There are 2 protein chains.
Amino acid sequence: MHGDHPTLEAVAAHAGVSRATVSRVVNGTAGVRPELRERVKASVAALGYVPNIAARNLVTRRTGAVAVVIAEPETRVFADPFFARQLRGISRTLAAHDTQLLLMLLEQRADYERIGRYLTGGHVDGTLMFSLHNDDPLPAIAAASGLPTVFGGRPGWSGAERQPDILYVDTDNRDGARQAVRHLLERGRKRIAVITGPLDQTSASDRLDGYLDALGAEAPDPGLHAHGDFTVEGGAQAMAWLLDRSPGPAARPDAVFAGNDLMATGALRTLRDRGLRVPDDVAVVGYDDLEPAATWSEPSLTTVRQDVERMGELMAGLLLQRLGRGGASEDDAPPAPVVTPARLVVRGSS
Amino acid sequence: MHGDHPTLEAVAAHAGVSRATVSRVVNGTAGVRPELRERVKASVAALGYVPNIAARNLVTRRTGAVAVVIAEPETRVFADPFFARQLRGISRTLAAHDTQLLLMLLEQRADYERIGRYLTGGHVDGTLMFSLHNDDPLPAIAAASGLPTVFGGRPGWSGAERQPDILYVDTDNRDGARQAVRHLLERGRKRIAVITGPLDQTSASDRLDGYLDALGAEAPDPGLHAHGDFTVEGGAQAMAWLLDRSPGPAARPDAVFAGNDLMATGALRTLRDRGLRVPDDVAVVGYDDLEPAATWSEPSLTTVRQDVERMGELMAGLLLQRLGRGGASEDDAPPAPVVTPARLVVRGSS
DNA sequence: GCACGACATGAGAGCGCTCTCACCGTCTTT
DNA sequence: AAAGACGGTGAGAGCGCTCTCATGTCGTGC
């Protein structure tokens with residue numbers, strides 16, 4: 001298939017040293033005379049030697065690979081470059097530490113079982129998981145595998161319970177929502193509605209909490225509280241529901257905070273269909289700063305941005321740290337969950 | 001790290017047979033008495049045995065893994081779920097054949113070198129590559145690695161030249177473009193402009209060719225031929241250029257075929273800014289059927305759809321076939337490039 | 001009834017690497 | 001000047017698996 005692969009042995013012979021010495025040089029272990037080290041390096045280059053990872057893994061019991069598990073990719077991966085960006089951050093960080101990225105996309109129930117077996121089989125050193133729902137079996141699978149795991153987004157409590165030292169990277173959804181709603185208050189909006197995502201996802205419930213935080217003591221009118229499902233269509237319907245519930249213009253919400261940009265896009269559509277002007281009649285704020293939704297829309301969307309790529313980097317970093325390959329800060333504080341800041345981006349819709 | 005991993009040896013002892021027999025059972029090799037086979041299987045289950053792939057790979061010289069290499073992901077991966085969908089198709093097919101998916105995203109020049117070394121190192125059995133530009137070094141790297149490779153999209157000739165039996169999966173861009181432009185002709189449009197993508201990508205040049213095909217003998221006015229870069233901004237500028245070049249309403253194009261939906265979105269924006277109505281004044285057709293661009297836009301976009309997920313499946317299938325793990329059609333025709341059909345989707349913009 | 005082939009099983013070598021441990025030469029210490 | 005300490009190097013034992021080959025055990029044909 002592929003050409004001749006020189007072995008350690010061959011390099012050793014070429015350099016006139018032992019296998020052990022070549023191994024030390026290749027792995028950067030200290031304790032080889034500089035002179036010898038150079039000679040070995042020259043031989044490695046001359047022969048085009050590349051270590052056989054299978055052999056290495058066999059003895060070290062490490063694979064140098066981590067699995068990235070993404071559950072139910074149909075849900076978000078499509079209209080949303082979220083995972084793609086996160087993957088970029090992850091890929092970059094892992095590559096910098098010579099760690100391979102094994103991608104596993106779970107689509108069906110049967111896939112979960114496969115993954116469980118795979119992880120337990122010790123084919124990877126750790127996992128990065130994106131589990132979207134609170135009742136997702138992924139945290140349990142991760143726990144059962146015994147592999148160090150970092151989650152993208154704070155997992156629901158059912159998983160957290162079993163794994164007290166659970167590691168995750170999340171964005172500060174609550175604060176982001178707070179910023180969004182405060183912004184609407186500052187703009188003088190009085191009746192601020194919310195369109196939530198599925199509340200069995202922490203991102204959705206945290207954003208709702210932030211909305212409630214900002215509104216403070218004033219118990220919000222339940223008529224201003226609509227449920228969506230993080231899709232455009234769901235946002236459109238939720239907006240329609242909100243408008244239908246208000247008898248007259250006075251009761252109508254003068255602002256809407258949507259749990260994500262997709263739903264905000266749907267809300268914009270409904271408002272346009274009903275002949276309402278944005279932001280004059282109703283201000284709209286989204287969440288995610290999803291390029292297609294936020295900047296291509298008319299008007300462009302005020303929304304909350306999170307540094308998704310950075311979150312990917314942090315996830316990988318956290319995992320590498322736990323694997324003991326964390327770079328400089330080896331003996332620093334033990335790895336802990338990270339929450340990254342969110343930032344309001346004001347555009348035309350508010 | 002993870003619990004006890006029973007070895008083949010342990011299973012053999014438990015079942016009272018030799019290592020070789022257990023190996024045969026585990027790998028489904030013929031020639032074991034059914035009775036023994038069952039006994040071994042029971043022991044495997046009882047001990048929770050999972051083969052150590054490192055050890056297996058070491059002797060078989062196969063890794064059971066395939067690298068998916070995506071070059072310059074910043075370009076498209078962001079606003080475009082293209083790769084995410086293709087990955088889904090790939091992942092599904094590979095999983096069905098117990099093959100792992102190693103994802104490598106290339107961002108910098110240095111990454112290419114890293115990948116080259118990695119592939120040459122024999123860490124994977126084959127590669128799936130997405131190389132976007134004709135002068136991309138990826139085909140050369142693939143050739144140098146000697147690994148079976150399947151490309152996503154037809155690579156430019158410079159790579160194809162060196163590898164005569166090159167394998168790829170592409171969509172029929174030329175025919176898709178032909179359909180789009182014929183549709184505009186059928187709608188009675190007379191001055192049909194084109195906004196091309198970067199012509200060093202076969203997808204862009206093929207689409208231009210399709211446009212020219214449909215227009216036939218009538219040499220198109222060079223003033224109707226604008227260059228874009230597959231981005232929204234580029235499309236907006238190209239549209240502006242087209243409008244600026246036409247002295248009066250009579251000379252103005254009455255239709256635009258954009259090389260992708262992103263550019264079509266940009267074109268829509270420019271038309272709106274100039275006070276032109278779509279499709280009344282100018283009809284617009286895009287390409288890709290990118291959900292955010294095509295269905296969320298106002299008006300929704302007539303565009304050309306390709307089954308991206310299916311393309312991913314086909315790519316993986318082709319590679320597995322070449323690796324001799326192709327399922328049923330082992331001894332059928334040798335694997336060959338596949339071109340999948342494109343289909344016009346008519347919506348509001350034309 | 002005996003040679004032979006077909007089939008099932010086990011013994012054992014070895015894949016390429018890491019890592020422990022023994023060795024050796026050089027330097028310090030008493 | 002002898003004894004120890006120490007850093008550099010090599011020898012060799014495996015890691016868990018597959019696969020070839022030898023061995024054993026039948027069934028078949030003459």
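Since the structure is predicted, the reported quantities are computational estimates derived from the model, not experimental observations. Labels below follow one simple rule: chain letters A, B, ... track the order of the sequence lines, proteins then strands, and each chain is numbered from 1. Atoms considered below: every heavy atom in the structure, side chains included; atoms not considered: hydrogens, waters and symmetry mates.
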A/Leu102 and B/Gln100 have their tightest heavy-atom pair at CD2-OE1, 3.5 Å
For B/Leu47 and B/Pro6, the nearest pair of non-hydrogen atoms, with its separation, is O-CG, 3.3 Å
Base, sugar-phosphate, or nothing for B/Asn57, non-hydrogen atoms under 4.0 angstrom?
->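 Answer is nothing: B/Asn57 stays at 4.0 Å or more from every strand.
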Value for OG1 (A/Thr149) from CE (A/Met315), rounded to nearest 0.5 Å, stands at 9.5 Å
* Please round to the nearest 0.5 Å and tell me the distance separating atom CG of B/Asp136 and atom CZ of B/Phe151. =>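 One finds 8.5 Å between CG of B/Asp136 and CZ of B/Phe151.
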Problem set entry | C/dT9 phosphate, OP1 or OP2, under 4.0 Å from B/Arg33 side-chain N/O | yes
Given DNA chain D, 5'-ward residue of the pair B/Arg24 and B/Ile53, judged by closest heavy atom |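 On the 5' side of the pair lies B/Ile53.
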Taking the side chain as C-beta and beyond, is there a heavy-atom pair between B/Lys41 and B/Val25 under 4.5 Å? yes
**Request:** For B/Ala30 and for B/Val59, locate the closest nucleotide of DNA chain C by heavy-atom distance; then report the residue assigned to the nucleotide nearer the 5' terminus.
**Result:**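 Nearest nucleotide further toward 5': that of B/Ala30.
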Exercise. Start at the 5' end of DNA chain C and walk down; is the nucleotide closest to B/Ala20 or to A/Ala20 reached first?
Worked result: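 This one resolves to B/Ala20.
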Counting only N and O atoms by type, is there a donor-acceptor contact under 3.5 Å from the side chain of A/Asp170 to the main-chain atoms of A/Val339?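 Checking the backbone N and O of A/Val339 against the side chain of A/Asp170, no donor-acceptor pair under 3.5 Å is found.
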First and last nt of DNA chain D near chain B, cut-off under 4.0 Å to heavy atoms, 5' to 3', are D/dG16 to D/dC19
